[in-house]
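Have a look at the structure below, then the notes.
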There are 2 protein chains.
Amino acid sequence: MKITYKSDYALKTILDLALNYHNGVVTLHDLAKRLDIPVNFLEQILIALKNGGFVKSRRGKTGGYLLARHPSQIKIGEVIRLIEGSIDPIACVHRGYKGCRDLYKCVFREVWQGVESATSNIIDNVTFEDLVNKTRLAKESLMYSI
Amino acid sequence: MKITYKSDYALKTILDLALNYHNGVVTLHDLAKRLDIPVNFLEQILIALKNGGFVKSRRGKTGGYLLARHPSQIKIGEVIRLIEGSIDPIACVHRGYKGCRDLYKCVFREVWQGVESATSNIIDNVTFEDLVNKTRLAKESLMYSI
DNA sequence: ACTATCTATAGTGATATAGTAGAGTATACA
DNA sequence: TGTATACTCTACTATATCACTATAGATAGT
């Protein structure tokens, strides 16, 4: 798995919307400013997130974005898969991978499958509710420490 | 982690040399032909493997390559790290990563570190001796089944 | 000397990444 | 009804990485 800026931004965007889950919509502009992401780039990401069913939008003067589901119902693995397309460490099976014409393939493929399932096991067990709680805890302990 | 053709080829090359561990040197040409890798590309990979201490070479007419260590002393994680440079799913810490100026970083970084250590746990526990045994077993069962 | 081998470095086409730019559409509100 | 403010959509571009390709040179056995 590789996390590009695109999915990194997507995850941060969902987290921001999760933190504002009870505050109504958030505008593209606010998101971009707060998360330090180029507006036009974030725009494309939000459309992808919308098409993926993670986000809803409202147009016009009081418009903006909001989560389509409760933070507890969104796992970070889902978002990554939407943006990155896949989780595999190697394109053994899919796409026109042209190595492996003989049995060498087998001994390594088991390893890659192990890596993939270990990765899935982590990212499919973290919800944005978890992350919201963690974020709030971090913020609190920061305040007490000052 | 992402496995490119380069590290895929490197791993297959080490496995081939491991299978021939008691047969003396193997030439670049033979490796390239047997593994179906472009000669000039494999050349570069072998030099990297040599500089990494995995492979030794002999020049001249009876020259070729051989493993610098016993197959049981080479883990696939070591080879991947040499060729890919790193195992991280995201360049959070190293290289000029320019996201994360505030605490958003923390909640995700834990996840990436989890993925990294789960991955390491797999690839640092598979030696080329393991793979040689698996390859031989696969070859045997193939013969019996015919 | 000759030839088969490894060594080293520079170049190249294709694709992916991370943006930019700009025209268009919908909605609230005066 | 007009206009400001938001989202929507498509096309373009600079840079880097990937997967090679090319070529000149060094070394060692016969």
Side-chain angles (χ1 to χ4, degrees), chain A residues 1-13 17 24-33 35-52 54-66 68 80 83-86 88-91 94-99, chain B residues 1-13 17 24-33 35-52 54-66 68 80 83-86 89-91 95-99:
Chain A
M1 181 178 60
K2 200 187 118 209
I3 301 296
T4 61
Y5 273 95
K6 198 170 180 183
S7 47
D8 182 40
Y9 291 162
L11 293 168
K12 286 174 178 166
T13 298
L17 293 176
V25 302
V26 182
T27 68
L28 170 65
H29 191 79
D30 283 354
L31 283 167
K33 197 174 176 187
L35 300 173
D36 197 25
I37 301 172
V39 179
N40 292 332
F41 193 29
L42 181 54
E43 203 175 270
Q44 295 168 30
I45 294 167
L46 278 162
I47 287 175
L49 289 173
K50 194 189 161 193
N51 293 335
F54 296 106
V55 154
K56 282 189 293 190
S57 66
R58 200 145 53 196
R59 271 149 96 126
K61 195 143 192 181
T62 58
Y65 295 92
L66 68 163
I80 294 171
I83 303 294
E84 298 293 334
S86 141
D88 300 340
I90 187 174
H94 335 280
R95 293 173 278 183
Y97 177 75
K98 59 188 206 305
Chain B
M1 181 179 62
K2 202 185 117 210
I3 301 297
T4 62
Y5 274 95
K6 198 170 179 182
S7 47
D8 181 40
Y9 291 162
L11 292 168
K12 286 174 180 167
T13 298
L17 293 176
V25 302
V26 182
T27 67
L28 169 65
H29 192 79
D30 283 354
L31 282 168
K33 196 174 177 187
L35 301 173
D36 197 26
I37 301 172
V39 180
N40 293 333
F41 193 27
L42 181 55
E43 207 175 84
Q44 295 168 29
I45 294 167
L46 279 163
I47 287 173
L49 289 173
K50 194 191 161 192
N51 293 335
F54 296 106
V55 153
K56 283 188 295 189
S57 65
R58 202 146 50 197
R59 270 149 97 127
K61 194 140 194 183
T62 58
Y65 295 92
L66 68 164
I80 295 171
I83 303 293
E84 298 292 335
S86 141
I90 187 174
R95 293 173 279 182
Y97 176 75
K98 58 187 206 306

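Quantities reported herein were computed from a predicted structural model and do not represent experimental measurements. Per chain, numbering begins at 1; letters A, B, ... match sequence-line order.
Scanning for side-chain hydrogen bond (donor to acceptor under 3.5 Å, both in side chains) contacts around A:Thr4 gives A:Glu84, with sequence neighbours left out. A:Thr13 is linked by a side-chain hydrogen bond (donor to acceptor under 3.5 Å, both in side chains) to nothing, counting only residues two or more places apart in sequence or in another chain. Applying the side chain to side chain contact (heavy atoms under 4.5 Å, CB included) rule to B:Lys56 yields the partners B:Leu66, B:Ala68; only residues at least two apart in sequence or on another chain are considered. With sequence neighbours left out, the side chain to side chain contact (heavy atoms under 4.5 Å, CB included) criterion links A:Lys50 to A:Ser57.
A heavy-atom distance below 4.5 Å is not found between the side chains of A:Tyr65 and A:Val25. Counting only heavy atoms from C-beta outward, the side chains of A:Ile37 and A:Leu31 never approach each other to under 4.5 Å. Looking only at side-chain heavy atoms (C-beta outward), A:Asn40 and A:Glu43 come within less than 4.5 Å of each other.
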Between the protein and nucleotides 13-17 of chain C, are there any N/O to N/O pairs under 3.5 Å, and if so, what are the atom names and distances?
none

Can you name the atoms? Protein N/O to nucleotides 14-16 of chain D N/O, anything below 3.5 Å, with the distance.
none

Where protein sits on nucleotides 20-30 of chain C, one letter per nucleotide: B base, S sugar-phosphate only, - none, heavy atoms under 4.0 Å: BBB--BBBS--

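Counting to the nearest Å, the C1' atom of C:dC6 and the CD1 atom of B:Ile45 are 15 Å from each other. Distance, B:Leu46 CG to C:dA8 P: 13 Å, rounded to whole Å. The interatomic distance linking B:Ile47 (CD1) with D:dA26 (P) rounds to 15 Å, in whole Å. As rounded to whole Å, 14 Å separates atom C1' of D:dA6 from atom CG of A:Leu42. Straight-line distance from the NE2 atom of B:His29 to the P atom of C:dT7: 17 Å, rounded to whole Å. Rounded to whole angstrom, the span from the CG atom of A:Leu49 across to the P atom of D:dC9 amounts to 14 Å. Rounded to whole Å, the distance from CG on A:Asn51 to C1' on D:dC9 is 11 Å. A:Lys56 has its NZ atom 13 Å from the P atom of D:dT8, to the nearest Å.
Checking the phosphate oxygens (OP1, OP2) of C:dA18, no side-chain nitrogen or oxygen of A:Tyr9 falls inside 4.0 Å. Contact check, A:Ser57 against D:dT8: a side-chain N or O comes under 4.0 Å of OP1 or OP2.
Across all strands shown, A:Lys50 has heavy atoms under 4.0 Å from sugar-phosphate atoms exclusively, and none from any base.
For the atom pair CG (A:Leu42) and NZ (A:Lys6), the distance works out to 11.5 Å, reported to the nearest 0.5 Å. The distance from atom CG of A:Leu35 to atom CG of A:Asp30, rounded to the nearest 0.5 Å, is 10.0 Å.
Taking each heavy atom of B:Thr27 and B:Gly63 in turn, the nearest pair found is CG2-O, 3.7 Å. In terms of heavy atoms, A:Val39 sits closest to A:Ala32 at CG2-CB, 3.7 Å. Counting all heavy atoms, side chain and backbone alike, B:Met1 lies closest to B:Ile3 at SD-CD1, 4.0 Å.
Ranking D:dC9, C:dA8, D:dC7 by closeness to the A:Leu28 side chain, first place goes to D:dC7.
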